[in-house]
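Written below as structure tokens is the structure these notes are about.
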Amino acid sequence: MIVGTSRECQHIAIIMDGNGRWAEKNSLTRALGHRAGVKAVKRSVESAIKHGIKVLTVYAFSTENWKRPVEEVSFLMDLFYQTVEGQLKSLHKAGVRLSFIGDLSPLSERLKSQLLSAVELTKDNQTLDLIVAINYGGRQEIVNACQMLAKEVQAGEISVEEITEARFEDALSLKDYPPVDLLIRTSGEQRVSNFLLWQLAYAELYFTNCHWPDFGEKEFEAALKEYNRRDRRFGGR
């Protein structure tokens, strides 16, 4: 993917942070915080469509999230299933094409089957690409790409000199999409947390104190407004 100079925002990535802190702030359980976060995803999809965004990538579950208590992880996996089951028809009707990145192999067969069915049902939709990162880690993605290219070199399919940025990017999960233009992270944290490390190279970063369950159209528009104020030079003058 060649980096362009257009100010048009085509691809937004979101680190959806703060479900637990929102729940604590409102004297609720973490489970209710995660459920409230699902509603924020729905609002963000609607906002992305309204503003003509082509790709929305959301960080749902990282490779590090397995360290959380077993009960919380189990709840989140059930919530993924319930969310896709409950929202799939409306997403399909809105023209949303669903895809999932990350290592899905540890997920239950029930959940994996449902995710694959969602991908198949929505594969021809063109209004918005919604990419959900589940069991995803940026470092692991880069390692996987290196291993794949090393095997191709070992097999004599390519030479070392043929490993370019473009070929490397073709080994990554977002190879068919435009680069990330804007990264949004909620809840006041200011780091990328192993998310899309390669793809964020020239992205604009936007951090807000708003907890994810409170993130709505107003906050989405504020992020876009800030993006449009930025001078994107991509290393030039």
Side-chain angles (χ1 to χ4, degrees), residues 1-5 10-16 54-68 70 73-74 76-77 80-81 84 96-126 128-183 185 191-205 234-235:
M1 188 69 64
I2 299 174
V3 175
T5 57
Q10 299 185 71
H11 188 169
I12 293 179
I14 305 180
I15 299 176
M16 308 178 292
K54 297 301 182 185
V55 186
L56 179 65
T57 303
V58 296
Y59 205 7
F61 192 87
S62 75
T63 50
E64 291 78 20
N65 286 156
W66 295 105
K67 300 174 185 176
R68 295 186 178 188
V70 174
V73 171
S74 178
L76 287 171
M77 294 302 157
F80 293 152
Y81 185 93
V84 175
V96 176
R97 180 165 56 185
L98 267 168
S99 58
F100 301 89
I101 60 172
D103 178 12
L104 303 184
S105 61
L107 307 185
S108 70
E109 292 302 320
R110 174 173 175 261
L111 179 54
K112 282 189 289 187
S113 176
Q114 189 197 51
L115 299 185
L116 291 173
S117 295
V119 171
E120 179 64 23
L121 176 66
T122 63
K123 66 181 181 180
D124 295 324
N125 293 342
Q126 298 181 12
L128 172 72
D129 278 294
L130 175 60
I131 304 167
V132 183
I134 300 179
N135 193 28
Y136 172 88
R139 287 181 175 179
Q140 188 59 54
E141 180 181 34
I142 290 171
V143 168
N144 292 344
C146 290
Q147 290 174 342
M148 188 183 84
L149 292 172
K151 288 177 181 178
E152 291 180 5
V153 171
Q154 191 176 44
E157 297 171 4
I158 62 172
S159 67
V160 172
E161 290 73 24
E162 289 178 289
I163 300 178
T164 61
E165 285 191 18
R167 187 177 286 274
F168 188 87
E169 191 165 276
D170 279 343
L172 299 175
S173 54
L174 297 184
K175 63 181 180 179
D176 297 323
Y177 303 95
V180 177
D181 294 304
L182 172 65
L183 171 73
R185 180 164 188 159
R191 53 182 178 270
V192 298
S193 294
N194 199 23
F195 186 42
L196 302 178
L197 298 180
W198 176 278
Q199 296 88 345
L200 292 179
Y202 281 99
E204 297 297 321
L205 309 183
F234 301 99

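The figures that follow rest on heavy atoms only: side chains count, while hydrogens, waters and symmetry mates do not.
Distance check, rounded to the nearest 0.5 Å: CG of L128 to CG of L98 gives 9.0 Å. A distance of 9.0 Å separates CD1 of I14 from CZ of F195, quoted to the nearest 0.5 Å. Rounding to the nearest 0.5 Å gives a distance of 8.5 Å between CG of D129 and OG1 of T57. Once rounded to the nearest 0.5 Å, the distance linking CG of L200 with CG of L205 reads 7.0 Å. For the atom pair CZ of F61 and CG of N135, the computed distance is 6.5 Å after rounding to the nearest 0.5 Å. Atom CZ of R97 and atom CG of L130 lie 11.5 Å apart (nearest 0.5 Å).
Across all non-hydrogen atoms, the minimal contact from T63 to G137 is CG2-N, 3.6 Å. Y81 and R110 get closest at one heavy-atom pair: CE2-NH2, 3.0 Å. Between R167 and I163, the closest heavy-atom pair is CD-CA, 4.3 Å. Counting all heavy atoms, side chain and backbone alike, K175 lies closest to D170 at CD-O, 3.0 Å.
Atom CD of E157 has more than 12 heavy atoms from other residues, nucleotides or ligands within 6.0 Å.
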Evaluate the side-chain contact (heavy atoms from CB on, under 4.5 Å) criterion for residues L196 and L183: first the C-alpha distance (whole Å), next the side-chain angles of each, then the deciding distance (0.1 Å), finally the verdict.
CA-CA 10 Å; L196 302 178; L183 171 73; over 6 Å; no
side-chain contact (heavy atoms from CB on, under 4.5 Å), that's the test. Do M148 and N144 meet it? Break it down for me.
CA-CA 6 Å; M148 188 183 84; N144 292 344; over 6 Å; no
Between F80 and Q114, does a side-chain contact (heavy atoms from CB on, under 4.5 Å) hold up when you go through it step by step?
CA-CA 10 Å; F80 293 152; Q114 189 197 51; over 6 Å; no
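A heavy-atom distance below 4.5 Å is found between the side chains of R191 and R185. Side-chain contact between L76 and R68: present, with at least one pair of heavy atoms (C-beta onward) separated by less than 4.5 Å. Here the side chains of L115 and L107 are in contact, with some heavy-atom distance below 4.5 Å. Between V96 and T122, every side-chain heavy-atom pair lies at or beyond the 4.5 Å cut-off. Between N65 and S62 there is a side-chain heavy-atom pair separated by less than 4.5 Å.
A side chain to side chain contact (heavy atoms under 4.5 Å, CB included) with H11 is found for exactly one of L182, L56, L174, namely L174.
Judged purely by atom type and a 3.5 angstrom limit, Y59 uses its side chain to pair as donor or acceptor with the backbone of S193. The main-chain N or O of Q10 is found under 3.5 Å from a side-chain atom of D181 such that the two form a donor-acceptor pair. The main-chain N or O of I158 is never found under 3.5 Å from a side-chain atom of E152 such that the two would form a donor-acceptor pair. In this structure, the side chain of N194 engages the main chain of R139 through a donor-acceptor pair within 3.5 Å.
Judged as a salt bridge (Lys or Arg N to Asp or Glu O under 4.0 Å), the pairs with a partner in residues 112-125 (not counting sequence neighbours) are, in order, E109-K112, E120-K123.
Ring geometry for W198 against F168 counts as tilted: the plane angle lies between 30° and 60°, on a 0 to 90° scale.
Side chains of S173 and E141: a donor on one and an acceptor on the other come within 3.5 Å.
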Can you list, pair by pair, the side-chain donor-acceptor contacts under 3.5 Å of residues 99-106, counting residues two or more places apart and other chains?
| residue | atom | partner | partner atom | Å |
| --- | --- | --- | --- | --- |
| D103 | OD1 | S105 | N | 3.1 |
| D103 | OD1 | S105 | OG | 2.6 |
| D103 | OD2 | S105 | OG | 3.2 |

